[in-house]
There are 2 protein chains.
Amino acid sequence: MQDSLSQTFSALADPTRRALLARLSRGDANVSDLAKPFMKDMSLPAITKHLKVLEKAGLVTKSKDAQWRPCKLNGAPLKDAVNWMEHYRVFWEESFDRLEIYLKGKKR
Amino acid sequence: MQDSLSQTFSALADPTRRALLARLSRGDANVSDLAKPFMKDMSLPAITKHLKVLEKAGLVTKSKDAQWRPCKLNGAPLKDAVNWMEHYRVFWEESFDRLEIYLKGKKR
DNA sequence: CTTACATTTAACCAAACAGTTAATTAACTA
DNA sequence: TAGTTAATTAACTGTTTGGTTAAATGTAAG
């Protein structure tokens, strides 16, 4: 079993799964709706598996409506991931020189 | 070959690699310095491999100083990752009710 | 009760991943 | 030149990942 940050990042490390999240960000959808744009490229069970990864990471929740399984995006795990990354903001946001100054300031 | 966002996320999806980045955020270090805290748990070649993953993702750059390989953190790829996640901020930041309202507003 | 639809599970496979130990390369030092 | 240190490469292994096809499950509709 992985720590939850690792689970979140590895769930995001796949373009199909990111596309599923993007789709869900525009509204809830059941499995076959989610699968539709990918059916040229992969089978339905493949999508089921990707959704399971997203569910285990807590990024998607499924409910029941007759034979359908409406899926919902849950952003909470992304908050932790972004919080982790924010510690590194200085390493991309500041210019090189300002970064140098910042680091030298920290050492004192 | 993967897209760069997938590469970034999968590089981050490992606690050892995140710890290496955390160490580098406190200053440059060569390979054996970086490895030291992990030597109880894994071998030096394992660290070399983790560093290679981070290098391929563009998160770390190595230079040469005699037999040492000083490593430096490069935050740039994190910027793209955070930018991607920012699209989902509304899904963790707003309360459930406000999120509902927001989504209903978008549909019109 | 049978059929159709939505989804999942099972069984399998190839490729990638994360580690190992042993050997190798490269540079400094005595 | 011989020995030491830093790091990488090679070869191997077990596990995980991402996909497949075929079968099974569960629900609704005739």
Side-chain angles (χ1 to χ4, degrees), chain A residues 1-21 23-24 27-73, chain B residues 1-21 23-24 27-73:
Chain A
M1 190 34 106
Q2 284 181 115
D3 63 290
S4 73
L5 213 42
S6 297
Q7 241 177 294
T8 304
F9 283 129
S10 71
L12 297 178
D14 182 286
T16 303
R17 288 193 292 263
R18 288 198 304 277
L20 290 171
L21 293 178
R23 169 63 188 79
L24 286 174
D28 297 359
N30 58 44
V31 177
S32 43
D33 290 339
L34 288 169
K36 202 161 293 169
F38 302 99
M39 293 297 269
K40 314 124 192 172
D41 308 302
M42 73 184 74
S43 68
L44 192 56
I47 300 295
T48 296
K49 282 189 178 187
H50 280 303
L51 285 171
K52 195 153 293 188
V53 172
L54 292 169
E55 271 188 285
K56 276 198 187 162
L59 289 160
V60 163
T61 54
K62 254 180 249 173
S63 45
K64 298 194 181 189
D65 174 14
Q67 64 263 61
W68 294 275
R69 295 291 174 273
C71 300
K72 187 179 192 57
L73 173 57
Chain B
M1 189 35 104
Q2 283 182 117
D3 64 289
S4 72
L5 214 42
S6 298
Q7 242 177 293
T8 303
F9 283 129
S10 70
L12 297 179
D14 181 285
T16 303
R17 289 194 291 263
R18 289 197 305 277
L20 290 170
L21 293 178
R23 168 64 187 80
L24 287 173
D28 297 0
N30 56 44
V31 177
S32 41
D33 290 339
L34 287 169
K36 201 160 296 171
F38 301 100
M39 293 297 268
K40 314 125 193 172
D41 309 302
M42 73 185 74
S43 67
L44 192 57
I47 299 295
T48 294
K49 283 190 177 185
H50 280 303
L51 284 171
K52 195 154 292 186
V53 171
L54 292 168
E55 270 189 284
K56 277 199 186 163
L59 290 160
V60 163
T61 55
K62 254 180 249 175
S63 45
K64 298 193 183 189
D65 174 14
Q67 65 264 60
W68 294 275
R69 296 292 175 271
C71 300
K72 189 181 189 57
L73 173 58

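Throughout, protein chains are lettered first and strands after them, A, B, ... in sequence-line order, and every chain is numbered starting at 1.
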What pair of heavy atoms forms the shortest contact from B:Ala13 to A:Gln2, and how long is it?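 Heavy atoms of B:Ala13 and A:Gln2 come nearest at O-OE1, 4.1 Å.
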Could you identify which residues of residues 37-53 of chain B place a heavy atom less than 4.0 Å from some atom of DNA chain C, listed by residue number, or say none?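 Those residues are B:Asp41, B:Met42, B:Ser43, B:Pro45, B:Ala46, B:Lys49, B:His50.
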Distance in Å, A:Leu5 CG paired with B:Leu12 CG, rounded so as to fall on 0.5 Å steps: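 Going from the CG atom of A:Leu5 to the CG atom of B:Leu12 covers 8.5 Å.
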Hey, does [Y] have a side-chain heavy atom less than 4.5 Å from the side chain of [X]?
| X | Y | result |
| --- | --- | --- |
| B:Asp33 | B:Asn30 | yes |
| B:Phe38 | B:His50 | no |
| B:Arg23 | B:Pro37 | no |
| B:Val53 | B:Leu59 | no |

Establish, with yes or no, whether the OP1 or OP2 oxygen of [N] is under 4.0 angstrom from a side-chain nitrogen or oxygen of [X].
| X | N | result |
| --- | --- | --- |
| A:Lys62 | C:dT7 | no |
| B:Arg17 | C:dA18 | yes |
| B:Ser32 | D:dT5 | no |

Side chain of A:Gln67, heavy atoms from C-beta onward: which of C:dC5, D:dT8, C:dC28 has the nearest atom to it?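 The listed nucleotide nearest to A:Gln67's side chain is C:dC5.
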Looking only at side-chain atoms of A:Ala66, point me to the closest of D:dT27, C:dC28, C:dT8.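 Among the listed nucleotides, the one closest to the side chain of A:Ala66 is D:dT27.
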Please work out if B:Lys64 contacts a base, only the sugar-phosphate, or nothing of the nucleic acid, heavy-atom cut-off 4.0 Å.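 Answer is nothing: B:Lys64 stays at 4.0 Å or more from every strand.
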Rounded to whole angstrom units, what separation is found between the [atom1] atom of [X] and the [atom2] atom of [N]?
| X | N | atom1 | atom2 | result |
| --- | --- | --- | --- | --- |
| A:Asp65 | C:dC5 | CG | C1' | 14 Å |
| A:Leu54 | C:dT7 | CG | P | 16 Å |
| B:Arg18 | C:dA18 | CZ | P | 12 Å |
| B:Asn30 | C:dA26 | CG | P | 19 Å |
| A:Met1 | D:dT15 | CE | P | 18 Å |

Residues forming a side chain to side chain donor-acceptor pair (under 3.5 Å) with B:Glu55, sequence neighbours excluded: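 Applying side chain to side chain donor-acceptor pair (under 3.5 Å) to B:Glu55 gives B:Lys62.
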